[in-house]
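Single-structure report; data block below.
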Amino acid sequence: MATFQTLPGFREFYPEDFSRRNHLFRLWRQTANTFGFAEYDAPVLEPLDLYKAKSGDEIEGQLFSFTDKGGREVALRPEMTPTVCRLVGAKASTLKRPIRWFSIAEFYRYERMQKGRGRCFFQFNADIFGEPGPEAETELIALLVQCLAAFGLTEQDFFVRLSDRNLWFYYLEALGLDEARIRGVLGAVDRFEKYGDDAFKGYTEQFGPLDGGVKAKVLAFLQIKSLAALEQTLGVIGGEKLAARLADWKKLLGNLAAMGLARFIEVDLGVVRGLAYYTGFVFEAFDRKGELRALAGGGRYDDLVQKLGGPALPAVGFAIGDMTFALLLEQRGLMPTLVQAPDVYCVIGGEAERLEAFGDIHALRAAGYRVDYPLKEVAFGKQFKAAAESGAKLALIYGGDELAKGVVKLRDLGARTEQEVPRAQVVPTVRDFFSV
RNA sequence: GCGGCCAUAGCUCAGCUGGUUAGAGCACAAGAUUGUGAUUCUUGGGGUCGCGGGUUCGAAUCCCGUUGGCCGCCCCA
């Protein structure tokens, strides 16, 4: 029994786990490439202030933070957004637009573990910078959908809820609320699904009871589930800002419908997300059964690059976490159990034959075939058993009898047929076998 | 930060109201089988029963603490 335990909430990836993780990464990476996104990475350890600047002091309790030997306050990254804002902000003027970047990286949060949540986890992050219009959202939501659909998930398995923080802002403004009150109401909207009317408690404590008429309108607004209902509600009010937002909504939903993705998208103004820095469309992906945490989340954050010291640069992004996503894939039987079977297994008579076999073994490997053989002398019967168990399609038999004749016996483990092949023909014969 | 449940072999677990040397299945390894297939049979390695303390003649079992896990709340960038 090991004396040292893995730190709480951290994960180890034994080969079987690692192959699953690779499966996620491989398809995410491949999908991002098809959308023209470029991959980047950045330090795991960052100045603590980078996160305080974005989210305030209270964030510190959920960070792996400490003082380094140079007296610097540092933290393991809990997310990618501030980092990528810094990277892009530093070179914004020289980067070709649109700036489309993605990363697959590990993040750390000092939290209590729960289903789908640990202290370390991977995220696929994708962001578009420099594009203020809904064209950016179109690309990102399409990418998000494809990053899930690439695994075989369908609209039966997940969907994306689409909302709009700015629309809420303009609407509440039109109802006569000031900025502080608007933020209070948005906080309540975010919690309404879970707590019902209690969600307004915090607002009432801070600002007094919300006007009855306003509240009724808020409750009606957050239950809007379609573009038509949205248009109807906003049409009554009018105003340039609202009209402009409505035009963006039409464009975004029209684009996504044209891509054939309408079945994945649901208008749901009840989604606001807790994060204060979102400035426009926000979206979250959930499993249809509603059993799991959010699969992914994102939105527009037009002010953040500037807030972190860069130029004014509009931005949209989202992140998919690996833990909840893996749970969903396993639930749906879509997580492959990758068996790493060799192509060829060599059965070797003895030490002399072994030296004869090594030449072919290496040549086959150099040609790209996965070749296994017993590292130590093992009885023939055992070797055949091992060859069968390995999952190899082909066995090459290097016995004394064969080598004396200048041949190697090639056994098709599936068909259970054998043929003798001249030594010099082993590599081409194997190549022929696998090219059929 | 709060609450509930849990901790015995690599894995899944059994082990009665405390009683000699802590078990099973799976997995792993060797042999039966010195040149031909997943079966079968035999055998083997592997545990300070999470850790520490207490009660007791005696603790895997009861009590306290601690560490870790699962689940939920808070939070969720």
Side-chain angles (χ1 to χ4, degrees), chain A residues 1-12 14 16 46 50-63 75-85 107-119 121 123 125 127 187 190-191 194-195 202 272-278 282 284 291-299 301 304 307-308 317-319 321 323-324 327 341 345-350 353 376-404 408-418:
Chain A
M1 197 55 79
T3 311
F4 296 104
Q5 295 181 318
T6 312
L7 253 20
F10 282 79
R11 298 185 286 172
E12 277 148 350
Y14 283 82
E16 199 183 323
E46 292 274 19
L50 182 63
Y51 304 111
K52 282 190 180 173
K54 181 194 158 202
S55 308
D57 291 346
E58 69 277 6
I59 200 81
E60 206 172 332
Q62 286 152 53
L63 290 175
L76 288 170
R77 61 186 175 194
E79 59 166 324
M80 194 54 107
T81 307
T83 300
V84 71
C85 284
F107 301 94
Y108 306 87
R109 297 180 187 177
Y110 198 86
E111 296 191 279
R112 190 79 178 187
M113 291 88 63
Q114 274 170 62
K115 194 173 186 177
R117 192 169 83 178
R119 286 184 172 181
F121 54 91
Q123 275 188 350
N125 273 263
D127 297 88
D190 196 35
R191 287 157 212 270
K194 215 164 182 180
Y195 298 103
V272 183
R273 305 210 78 192
L275 330 183
Y277 62 82
Y278 282 117
V282 289
E284 291 192 314
E291 292 170 350
L292 302 171
R293 309 176 158 276
L295 293 162
Y301 50 99
L304 196 57
K307 199 172 165 187
L308 292 173
F318 73 86
M323 294 183 78
T324 303
L327 284 173
Y345 194 96
C346 294
V347 173
I348 298 168
E353 291 84 355
K376 283 185 280 189
E377 200 164 345
V378 177
F380 254 77
K382 270 242 174 351
Q383 292 193 54
F384 280 100
K385 194 169 171 180
E389 283 175 351
S390 75
K393 294 178 190 64
L394 213 56
L396 291 178
I397 299 153
Y398 292 85
D401 300 347
E402 286 83 0
L403 292 176
V408 171
K409 207 177 266 178
L410 182 148
R411 183 176 175 86
D412 182 331
L413 289 166
R416 301 195 175 203
T417 56
E418 287 182 354

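Hydrogens, waters and symmetry mates are skipped; everything else that's a heavy atom, side chains included, is used. These numbers come from a predicted model, not from an experiment. Within every chain, numbering begins at 1; the chains are lettered A, B, ... in the order of the sequence lines, protein sequences first and strands thereafter.
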*Ring stacking, A:Phe380 with base of B:rG35, under 5.5 Å and under 30°?*
yes

*Is the NZ or CZ atom of A:Arg119 both under 6.0 Å from the centre of the six-membered ring of A:Tyr110 and within 45° of that ring's axis?*
yes

*From B:rC76, B:rU36, B:rU40, pick the nucleotide closest to the side chain of A:Arg293?*
B:rC76

*Spell out yes or no: do the side chain of A:Arg416 and the base of B:rU36 have one donor N/O and one acceptor N/O closer than 3.5 Å?*
no

*Quote, to the nearest angstrom, the C1' distance that separates B:rA7 from B:rG52.*
15 Å

*B:rU36 base / A:Lys385 side chain donor-acceptor hit below 3.5 Å*: no

*Pairing partner of B:rC28 (Watson-Crick or G-U wobble, both distances under 3.5 Å)*: B:rG44

*Are any side-chain N or O atoms of A:Glu79 and backbone N or O atoms of A:Phe107, one a donor and one an acceptor, separated by less than 3.5 Å?*
no

*Using the closest heavy atom to pick a nucleotide of RNA chain B for each, name whichever of A:Gln114 or A:Glu284 lands nearer the 5' end.*
A:Gln114

_Per A:Ala388 side chain, nearest of listed nucleotides B:rG37, B:rC71, B:rC75_ = B:rG37

_Among B:rU36, B:rG31, B:rG69, the one nearest A:Lys382 by side-chain distance_ = B:rG31

*Counting just side-chain N and O atoms, does A:Arg112 come under 4.0 Å of either OP1 or OP2 of B:rG68?*
no

_So for A:Glu418 and B:rU36, does any side-chain atom that can act as donor or acceptor lie under 3.5 Å from a complementary atom in the base?_
yes

*Using atom P of each nucleotide, how far apart are B:rG45 and B:rU55 to the nearest Å?*
37 Å

*Using Watson-Crick or G-U wobble geometry with both distances below 3.5 Å, tell me the partner of B:rU61, or none.*
none

*Give a yes or no on whether a salt bridge exists between A:Arg77 and A:Glu46, defined as a side-chain N under 4.0 angstrom from a carboxylate O.*
no

_Give me the distance, rounded to whole Å, that separates B:rA14 from B:rG68 when you measure between the C1' atoms they each carry._
23 Å

_Short side-chain to backbone donor-acceptor contact, A:Arg109 and A:Gln62, under 3.5 Å_ = no

